[in-house]
Colleague: 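Attaching a single structure in structure tokens format; questions to follow.
Residue numbers begin at 1 in each chain, while the letters A, B, ... track the order of the sequences.
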There are 2 protein chains.
Amino acid sequence: MEAKAILQQHIAKTISLSEEQFAHFFSYFKPMSFSKGQTIIGEGDTVDCEYFVLSGCLKAFYINDEIKMYILQFAMPTWWTSDYAALYNNTRATINVDCITDAEVLCLSNADREKLCSELHEAEHFFRWRTNRGYIASQKRLLSFMNNDTKKRYEELLALYPQLYNLVPKHLIAAYLGVSRETLSRLYSAH
Amino acid sequence: MEAKAILQQHIAKTISLSEEQFAHFFSYFKPMSFSKGQTIIGEGDTVDCEYFVLSGCLKAFYINDEIKMYILQFAMPTWWTSDYAALYNNTRATINVDCITDAEVLCLSNADREKLCSELHEAEHFFRWRTNRGYIASQKRLLSFMNNDTKKRYEELLALYPQLYNLVPKHLIAAYLGVSRETLSRLYSAH
DNA sequence: TTGGTTACGTGACCTACATCACATTCGAAA
DNA sequence: TTTCGAATGTGATGTAGGTCACGTAACCAA
């Protein structure tokens, strides 16, 4: 499926736009391709855009003391990602985004999103709902962190992203769960 | 300061409305008073409203196995709270909200918020930005959870809410940090 | 004032997970 | 095919924080 159709199907779950309106909506998005391992946002960069994933898998992560990596989000097709704190507050990136696999994305700049939102009430509605869902998911993950042990969080993760097990190396799964790769490895063998 | 002025000042940070527009905006909010200890949302309730705090302090929390409590948010004046997952998905509450102190709030129903957002583009803009900020804060807290030990999270919390130390019992602070009250207590004495 | 509940401190002990060290397997590039 | 680095498994050991147990202090309500 081509980029335009993927985005159209995605936003149709929240708002309905005429063909003409959607064409305008889509005109703000810029397609980009990246290959496996490539960095999209690096720590310290200025952040202008957010990214809608068409194919492939990205990760948004934080690196502590140049050593430990924590993954905030795996971004699969139809997911959005960026360093939103940097994007909205116009500060330098503290979050990195890079490609776990080759990936195609649609890129939307901060300025264009705001322009779109002010031009088209439905667009503002769409982005409100998108962020709502992200907020609720984030709260849920926070609770899971406080409440569940590693094993349960691991099972939760696989339920949420079943494809992940075969797609990404295990140490990245550990970095999402917030445990060491050794602990995750021992989780498997313990059955 | 009266309720109307507090809300007006709060939303003026994000959008500008005429007096007439704001009067309409405000007309959807219903003032309510609660006393210390009172439950606003209990687990299993249907959730119709979100709450804007005028005075006092609420907590939004989750109870695991009828035993352990985890606090998602302390809601101070000009903060918003609810069980948003239940509110937006029209499901039963899994999060509780109650009063740490006597409190006055403005109550906005889900239906009225959506009506307001569709009537007034600026309102939609306001709620998009409010949720944005919540999402970013939630991501930040998640990172802090993965990255920092209890002591550092405790210092972070006191920096974010300096009033809290004298306002709420220590076991609630422990429940926000996600540690046992004993561990928090030992943190104090260790310095 | 009194009796009961809630808050808080502190010791003893236990457990999940981190860290370090090393072995093994796998996959891509030469 | 060979080779080298990345990914993964696994043992030994250290530690932050949980849990249980108990004591004291503060705060209401009768």
Colleague: According to a hydrophobic-cluster definition based on side-chain heavy atoms being under 4.5 Å apart (Ile, Leu, Val, Met, Phe, Trp, Tyr only), do A/Phe127 and A/Tyr135 belong together?
Modeller: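 Yes, same cluster.
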Colleague: With side chains defined as the heavy atoms from C-beta onward, is the minimum distance between B/Met69 and B/Leu172 less than 4.5 Å?
Modeller: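 When only atoms from C-beta onward are counted, B/Leu172 and B/Met69 do touch, with a gap below 4.5 Å.
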Colleague: Tell me which one of A/Ile41, A/Leu108, A/Val97 satisfies side chain to side chain contact (heavy atoms under 4.5 Å, CB included) with A/Tyr51.
Modeller: A/Ile41
Colleague: Which parts of residues 162-177 of chain B get close to DNA chain C, meaning a heavy atom less than 4.0 angstrom away?
Modeller: B/Pro169, B/Lys170, B/His171
Colleague: Between the side chain of A/Thr101 and the main-chain N/O of A/Cys57, is any donor-acceptor distance below 3.5 Å?
Modeller: yes
Colleague: Same hydrophobic cluster for A/Tyr154 and A/Leu72, using side-chain heavy-atom links shorter than 4.5 Å among ILVMFWY?
Modeller: no
Colleague: Got a list of side-chain donor-acceptor pairs under 3.5 Å for residues 5-12 of chain A, not counting sequence neighbours?
Modeller:
{"from": "A/Gln8", "atom 1": "NE2", "to": "A/Glu19", "atom 2": "OE2", "distance (Å)": "3.3"}
{"from": "A/His10", "atom 1": "NE2", "to": "A/Trp80", "atom 2": "NE1", "distance (Å)": "3.0"}

Colleague: Would you work out how much the helix from C/dT1-D/dA30 to C/dA30-D/dT1 bends between its ends, with each end axis defined by five base pairs, to 10 degrees?
Modeller: 50°
Colleague: Can you check whether A/Lys140's main-chain N or O pairs, donor with acceptor, with A/Ser144's side chain at less than 3.5 Å?
Modeller: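 It does not hold such a pair.
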Colleague: Indicate for each nucleotide in nucleotides 24-30 of chain D, in 5' to 3' sequence, whether protein heavy atoms under 4.0 Å reach the base (B), only the sugar-phosphate (S), or nothing (-).
Modeller: -------
Colleague: Treat primed atoms plus P, OP1 and OP2 as sugar-phosphate and everything else as base, then score nucleotides 10-17 of chain C 5' to 3': B for base contact with protein heavy atoms under 4.0 Å, S for sugar-phosphate contact only, - for none.
Modeller: BBB----S
Colleague: Taking the six-membered ring of A/Phe145, is the NZ or CZ of B/Arg141 close enough (under 6.0 Å from the centre) and on axis enough (within 45°)?
Modeller: no
Colleague: Counting only N and O atoms by type, is there a donor-acceptor contact under 3.5 Å from the side chain of A/Arg130 to the main-chain atoms of A/Thr14?
Modeller: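 Looks like no, no N/O pair under 3.5 Å.
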Colleague: Run the ring-centre check on B/Trp129 versus A/Tyr88 and record whether the distance is less than 6.0 Å.
Modeller: yes
Colleague: In residues 24-34 of chain B, what donor-acceptor pairs under 3.5 Å come from side-chain atoms, sequence neighbours left out?
Modeller:
{"from": "B/His24", "atom 1": "NE2", "to": "B/Glu119", "atom 2": "OE1", "distance (Å)": "2.6"}
{"from": "B/Ser27", "atom 1": "OG", "to": "B/His24", "atom 2": "O", "distance (Å)": "2.5"}
{"from": "B/Tyr28", "atom 1": "OH", "to": "B/Lys115", "atom 2": "NZ", "distance (Å)": "3.1"}
{"from": "B/Tyr28", "atom 1": "OH", "to": "B/Glu119", "atom 2": "OE1", "distance (Å)": "2.8"}
{"from": "B/Tyr28", "atom 1": "OH", "to": "B/Glu119", "atom 2": "OE2", "distance (Å)": "3.0"}

Colleague: Look only at the side chain of B/Asn148 and the backbone of B/Arg153, and say whether a donor-acceptor pair between them is shorter than 3.5 Å.
Modeller: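 No; zero donor-acceptor contacts below 3.5 Å.
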Colleague: Report the distance from atom CG of B/Leu184 to atom P of C/dA7, rounded to the nearest whole Å.
Modeller: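 The distance from CG of B/Leu184 to P of C/dA7 comes to 14 Å, rounded to the nearest Å.
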